[in-house]
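Nothing here was measured: the structure is a model prediction, and the numbers come from that model. Quick note on labels: first sequence line is chain A, next is B, and so on, each numbered from 1.
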Protein chains: 2
Amino acid sequence: MPHDHPDSDCPGCATPDLAFSSHDHAHCATDVLARAEALAAASGARMTPVRKRVLEILLESHKAMGAYDVLQRLAADGFGNQPPVAYRALEFLVEQGFAHRIRRLNAFAACMHPGEAHAPAFLICKSCDAVAEAPAALVRAALDKAAAAIGFVVERSNIEALGLCPSCLESGK
Amino acid sequence: MPHDHPDSDCPGCATPDLAFSSHDHAHCATDVLARAEALAAASGARMTPVRKRVLEILLESHKAMGAYDVLQRLAADGFGNQPPVAYRALEFLVEQGFAHRIRRLNAFAACMHPGEAHAPAFLICKSCDAVAEAPAALVRAALDKAAAAIGFVVERSNIEALGLCPSCLESGK
DNA sequence: TTATGTATGTTATACTATAACCAGTCAACC
DNA sequence: GGTTGACTGGTTATAGTATAACATACATAA
Ligand SMILES: [Zn+2]
Ligand SMILES: [Zn+2]
Ligand SMILES: [Zn+2]
Ligand SMILES: [Zn+2]
């Protein structure tokens, strides 16, 4: 999944998904944030302070966060401390494709591939709670086919897997 | 998906999934219920009155029901009227494979194929709310493969699709 | 029979999400 | 400049989903 980037050494350009590997996450996060801001500017979507802050909070780790966890952080930063503040910002980010909703966890995770058309499968490590996006074009193709076999037309779908990430597998958790 | 059945004309034996087709649903429901009870008896799982009643309630239609809707029905039938009563029975049914949890809807649906090893994809019609189970072996194979590509091992997964069922497509909803 | 585990019921509470209303901001328009 | 209208964020209040913890009843088995 290549992306425009000033830094030719950007690890995000080299590896498919860093969520489960140790990596320069500060770079990872600022890079994704910058891309999201550029996309917002280009499309006219307004990346206001709350919205940006929520994305920053989600980008602090590769884990999914509940809306109330996000809210607590927002309140600590001087923003509103009522649920709609968090939910509205999260809704915006999801609409813009800057975050994903993980239904299995009732939680939200920053999208690591903003701007790239993708409808990923989510891989949730049950040991370390990290969430990665896996390219799911083939999975969705198979799903569309299975649905078509009984005459059903898929519009949207969510594909979420629970299991063990490579790191946790290796360390025997 | 064939199953043991005294009636050789059983529509469940002929068609893959009736959820979206008009059919003799009374037969459909009593058949599935009977199979579930037989399985429970065989495995030693206790199909108590509440549990059986919950399954009957879920089997009244091919839609998913929220726990509180189920609870209301239970209360009307003289069972307890507190959330754990419904949640516990639903949890039992899910564990036994007699019902499925549809995370996208925060709801539960009776399994139409009890006893048959299956990890279906759920097809949710956004127009009529019916839910069908589609065989998802190939979908899961694709998902396992996509996960394996980044070293992730899938343990469980939920695959849920929202769209339009054949009936609603035809009637132009 | 008594002991043991299982199932149901109840109280209370935690967690997740949205409706509805209000005030400030900003840009388009007159 | 002043007004309008769209949008954002703040607040109150409430709806909806789920579980913890404890008490009671009931089955089965030693
Ligand atoms: Zn990272
Ligand atoms: Zn892990
Ligand atoms: Zn039926
Ligand atoms: Zn339909």
Side-chain angles (χ1 to χ4, degrees), chain A residues 36-37 40-41 43-58 63-96 98-109 124 129 158 160, chain B residues 36-37 40-41 43-58 63-96 98-109 124 129 158 160:
Chain A
E37 290 200 274
S43 76
R46 295 174 51 190
M47 192 64 124
T48 61
V50 216
R51 292 166 175 179
K52 178 177 175 183
R53 188 76 193 103
V54 170
L55 184 51
E56 286 171 351
I57 290 168
L58 291 181
K63 298 178 184 170
M65 287 183 78
Y68 281 76
D69 295 325
V70 171
L71 180 58
Q72 225 176 310
R73 299 288 309 275
L74 285 179
D77 292 347
F79 293 99
N81 67 337
Q82 298 306 314
V85 176
Y87 278 101
R88 283 193 289 232
L90 289 165
E91 183 187 16
F92 168 86
L93 294 173
V94 170
E95 272 170 6
Q96 298 300 317
F98 301 158
H100 298 291
R101 183 172 199 154
I102 315 292
R103 305 205 100 96
R104 181 155 196 133
L105 303 177
N106 291 325
F108 300 82
I124 307 162
D129 295 327
N158 53 297
E160 301 169 357
Chain B
E37 290 200 273
S43 75
R46 295 172 52 188
M47 193 66 126
T48 61
V50 218
R51 292 166 175 179
K52 179 178 175 183
R53 187 75 195 103
V54 169
L55 184 51
E56 285 171 351
I57 290 168
L58 291 181
K63 298 177 184 171
M65 287 184 77
Y68 281 76
D69 296 325
V70 171
L71 180 58
Q72 226 177 311
R73 298 289 308 278
L74 285 180
D77 293 347
F79 294 98
N81 67 339
Q82 298 305 316
V85 176
Y87 278 102
R88 283 194 288 233
L90 289 165
E91 182 187 15
F92 168 86
L93 294 173
V94 170
E95 271 169 7
Q96 297 301 315
F98 301 157
H100 297 290
R101 183 170 199 156
I102 315 291
R103 306 206 94 99
R104 183 158 195 131
L105 302 176
N106 291 324
F108 301 81
I124 308 163
D129 295 325
N158 53 301
E160 301 169 357

**Student:** Measure from CG on Leu71(A) to P on dT16(C) and round the result to the nearest Å.
**Tutor:** 12 Å
**Student:** Starting from P on dA18(D), measure out to CG on Leu105(A) and report it in whole angstrom.
**Tutor:** 14 Å
**Student:** Specify the separation, in whole Å, of atom CD of Glu91(A) and atom C1' of dT16(C).
**Tutor:** 15 Å
**Student:** Pair up each side-chain donor or acceptor in residues 76-87 of chain B with any protein partner under 3.5 Å, not counting sequence neighbours, and list the distances.
**Tutor:**
unit_1   : atom_1 : unit_2   : atom_2 : d
Asp77(B) : OD2    : Arg53(B) : NE     : 2.5
Asp77(B) : OD2    : Arg53(B) : NH2    : 3.3

**Student:** Check the distance between dA17(C)'s P and Asp69(A)'s CG and give it to me in whole angstrom.
**Tutor:** 11 Å
**Student:** For dA17(C) and Tyr87(A) - does any side-chain N or O of the residue sit under 4.0 Å from the phosphate oxygens OP1/OP2?
**Tutor:** yes
**Student:** Under 4.0 Å between a side-chain N/O of Asn106(A) and OP1 or OP2 of dA17(C), yes or no?
**Tutor:** yes
**Student:** Provide, to the nearest angstrom, the distance between the CD atom belonging to Gln72(B) and the C1' atom belonging to dG16(D).
**Tutor:** 13 Å
**Student:** Once you round to the nearest 0.5 Å, how far does CG of Leu93(A) lie from CZ of Phe108(A)?
**Tutor:** 9.5 Å
**Student:** Do the side chains of Ile57(B) and Leu74(B) get nearer than 4.5 Å, heavy atoms only?
**Tutor:** yes
**Student:** At what distance, to the nearest 0.5 angstrom, does NZ of Lys63(A) lie from CG of Leu105(A)?
**Tutor:** 12.0 Å
**Student:** If you look at every heavy atom in Leu55(A) and Phe98(A), which pair is closest and at what distance?
**Tutor:** CD1-O, 3.6 Å
**Student:** What string of B, S and - do you get for nucleotides 3-15 of chain C, 5' to 3', when a contact is any protein heavy atom under 4.0 Å?
**Tutor:** ---SSBBBB----
**Student:** Please give, in whole Å, the distance from dT17(D) C1' to Ile102(B) CD1?
**Tutor:** 16 Å
**Student:** How many Å lie between CZ on Arg103(B) and P on dT17(D), as a whole number?
**Tutor:** 14 Å
**Student:** Would you mind reading off the distance between Arg104(A) atom CZ and dT17(D) atom P, rounded to a whole angstrom?
**Tutor:** 19 Å
**Student:** Sequence neighbours left out, what passes side chain to side chain contact (heavy atoms under 4.5 Å, CB included) with Lys52(A)? Give chain and number order.
**Tutor:** Leu33(A), Glu37(A), Met47(A), Glu56(A)
